[in-house]
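The next block holds one structure in the form of C-alpha cells; read it before the comments.
Reminder, nothing fancy here: chain letters follow the sequence lines and each chain counts from 1.
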Protein chains: 2
Amino acid sequence: MDFFDNWTVQVRKGLLELCVLNLLLEGEQYGYDIIRKVLEVPGFGITEGTLYPLLSRLKMQGLVQTRLVESSSGPARKYYALTAKGRKTSATMNEHLQEILTGLNTLHGKDKR
Amino acid sequence: MDFFDNWTVQVRKGLLELCVLNLLLEGEQYGYDIIRKVLEVPGFGITEGTLYPLLSRLKMQGLVQTRLVESSSGPARKYYALTAKGRKTSATMNEHLQEILTGLNTLHGKDKR
DNA sequence: CGATGTACCTTGCTTTACAAGGTACTAAGT
DNA sequence: ACTTAGTACCTTGTAAAGCAAGGTACATCG
C-alpha cells in the first residue's frame, strides 16, 4: 500500500462518520442500504467492517436510535434514525469541518489560485 | 473526552498531513516553526508529538528532504523542503480531498441550502 | 439441497493523534 | 555558579478508527 492509498484511508477517519450522519438527515436508513449509497458517493466507499462498528458508536453516543423491521425478502433490517442530539451534533460537525477547510485554504491559497 | 472532541481528533488524521505539505509549498520550514504556524490556523492545532513523527513519515516516503542549519540562538534547526514528488503528491491529495468534499455535499445538500 | 443475495456482527491488524517525558543548547536572572 | 525560561529536536505508550477477513442467519432460485 503506497503513501497516497494509505492517506485516503486516514482521511476517511472522522469524515465517514459525518458522511453517514449527513445521509441520515434524509431520513431513516438501514445498514446494508447505507453501504450501497455511500459506495455511490465519489471519493468515498465503505465496507461492513467499517460501517457496523461506526453505527454502534453513533448509537452508544445517543446520536441515532434504531428499530428492527421484518423483511419478507431476507433477514430483519435495523433502521437507524437521527435523534435531536444527532441532528445538533452533525450541524456542529459540519460547521467545524468548514472552519478547518477554510484554514487549509489559507495555507495553500496565499498567492496561488 | 466527549464525542465531538474525539471526532475532531479523528478528522485531523490525514488532513494534518496535507496541512503541513501545503504549508511547505510556501518554502522550506523547520519543525518548531511549523508548529507555531499551524497553531495559528483556525480549527487546526498540532503538538510536537504529532508533528515530528509526521515529518519523519513524509521524509521516509520521499516527499520532503531535510538540511540542518546551525542557529546562534539555540540548537540546530532541521529545515524541511518539498521534493518534486512531494509537490506532485500534495496536488493529488488536494484534488482527492476536493472530490470527497463534493461527495459529502451531495449528501446533505440534496434539498437543503 | 446447494448457491446466491440479503443483512447483521466480530476479530485482528495497521495507522495515526496526542499526552507525557526526555535531551541539549542559549541567554537572562539571582 | 545555579536556576529558570525559551528554543529545538525526538521517543514512548495509549486510544481510536478503517479494513480485510471471517462468521451467522434468512430467503429464493435452480
Side-chain angles (χ1 to χ4, degrees), chain A residues 1-21 28-39 43-61 64 66-80 93 100, chain B residues 1-21 28-39 43-61 64 66-80 93 100:
Chain A
M1 190 185 263
D2 72 352
F3 176 82
F4 180 74
D5 285 338
N6 180 54
W7 177 74
T8 62
V9 172
Q10 298 305 324
V11 93
R12 286 178 212 279
K13 305 198 178 180
L15 289 186
L16 263 180
E17 215 140 31
L18 185 54
C19 183
V20 169
L21 285 174
E28 67 172 6
Q29 322 255 343
Y30 62 97
Y32 200 76
D33 206 36
I34 292 177
I35 291 174
R36 279 192 297 234
K37 287 184 182 167
V38 174
L39 279 179
F44 277 95
I46 197 172
T47 65
E48 303 187 338
T50 300
L51 182 68
Y52 289 117
L54 191 162
L55 288 171
S56 295
R57 292 198 305 270
L58 294 181
K59 186 177 184 184
M60 209 165 48
Q61 296 289 337
V64 298
T66 60
R67 76 188 172 98
L68 270 176
V69 178
E70 301 283 334
S71 167
S72 59
S73 66
R77 298 166 174 172
K78 193 184 268 185
Y79 279 86
Y80 290 81
M93 286 160 76
I100 280 189
Chain B
M1 188 187 264
D2 72 353
F3 176 82
F4 181 74
D5 285 339
N6 180 55
W7 177 73
T8 61
V9 171
Q10 297 306 324
V11 93
R12 283 179 213 280
K13 305 198 175 178
L15 289 185
L16 262 182
E17 216 139 30
L18 185 55
C19 183
V20 169
L21 286 174
E28 67 171 6
Q29 323 255 343
Y30 63 98
Y32 200 75
D33 206 34
I34 293 177
I35 292 174
R36 279 193 296 237
K37 288 184 183 167
V38 174
L39 278 178
F44 278 95
I46 198 171
T47 65
E48 302 187 339
T50 300
L51 182 68
Y52 289 117
L54 191 162
L55 288 172
S56 295
R57 292 197 304 271
L58 294 182
K59 186 177 183 184
M60 210 164 47
Q61 296 289 338
V64 300
T66 61
R67 76 189 173 97
L68 270 176
V69 177
E70 301 284 333
S71 165
S72 60
S73 67
R77 299 167 174 170
K78 194 183 269 187
Y79 279 85
Y80 290 81
M93 286 161 75
I100 281 188

task = Can you tell me the distance, in whole Å, between the CG atom of B/Leu15 and the P atom of C/dA17?
result = 10 Å

task = Please state whether the phosphate of C/dT15, meaning OP1 or OP2, lies under 4.0 angstrom from any side-chain nitrogen or oxygen of B/Arg57.
result = no

inquiry  = I need the NZ-P distance between A/Lys78 and C/dA7, as an integer number of Å.
reply    = 15 Å

query = Just the endpoints, please: which first and last nucleotides of DNA chain D, 5' to 3', lie under 4.0 Å from a heavy atom of chain B?
reply = D/dT7 to D/dA17

key: Touch class at under 4.0 angstrom, heavy-atom based, for A/Ser56 against every strand present   = nothing

note = Rounded to whole Å, the CD1-P distance (B/Ile35 to C/dA19) equals 12 Å

query = Do B/Lys78 and B/Tyr30 pass the side-chain contact (heavy atoms from CB on, under 4.5 Å) test, and can you show the C-alpha distance, the side-chain angles, and the key distance before you say yes or no?
reply = CA-CA 5 Å; B/Lys78 194 183 269 187; B/Tyr30 63 98; 5.6 Å; no

query = Heavy atoms under 4.0 Å, any strand shown: does A/Thr50 hit a base, just sugar-phosphate, or nothing?
reply = base

inquiry  = Whether A/Asn6 contacts C/dT16 is assessed here as follows: a side-chain N or O lying under 4.0 Å from the phosphate OP1 or OP2. Is that the case?
reply    = yes

ask   = How many Å lie between CG on B/Leu68 and P on C/dC25, as a whole number?
value = 14 Å

Upstream residue (5' side of DNA chain C) when A/Ser71 and A/Pro53 are each assigned their closest nucleotide = A/Ser71

inquiry  = Are B/Leu54 and B/Leu16 packed together at the side-chain level, in the sense that at least one heavy-atom pair is separated by less than 4.5 angstrom?
reply    = yes

ask   = Looking only at heavy atoms, which two atoms of B/Ile34 and B/Gln29 are closest? And how far apart?
value = CG1-CB, 3.6 Å

ask   = Roughly how many Å is it from CG in A/Asp33 to C1' in C/dA7, rounded to a whole number?
value = 11 Å

inquiry  = Heavy-atom nearest nucleotide on DNA chain D for A/Gly45 versus B/Gly74: which residue maps closer to 5'?
reply    = B/Gly74

inquiry  = Are B/Tyr32 and B/Glu48 packed together at the side-chain level, in the sense that at least one heavy-atom pair is separated by less than 4.5 angstrom?
reply    = yes

request  = Check the distance between C/dA17's P and B/Leu16's CG and give it to me in whole angstrom.
outcome  = 6 Å

Whole-Å distance separating the CD atom of A/Glu48 from the C1' atom of C/dG5 = 12 Å

ask   = Are any non-hydrogen side-chain atoms of B/Val20 and B/Leu55 less than 4.5 angstrom apart?
value = yes

request  = For A/Gly49, report the nucleic acid contact type (base, sugar-phosphate, nothing); a contact means any heavy atom under 4.0 Å.
outcome  = base

ask   = Can a salt bridge be assigned to the pair A/Glu17 and A/Arg57 using a cut-off of 4.0 Å between side-chain N and carboxylate O?
value = yes

query = Looking only at heavy atoms, which two atoms of B/Trp7 and A/Leu15 are closest? And how far apart?
reply = NE1-N, 4.4 Å

ask   = What integer distance in Å separates A/Trp7:CH2 from C/dT14:C1'?
value = 19 Å

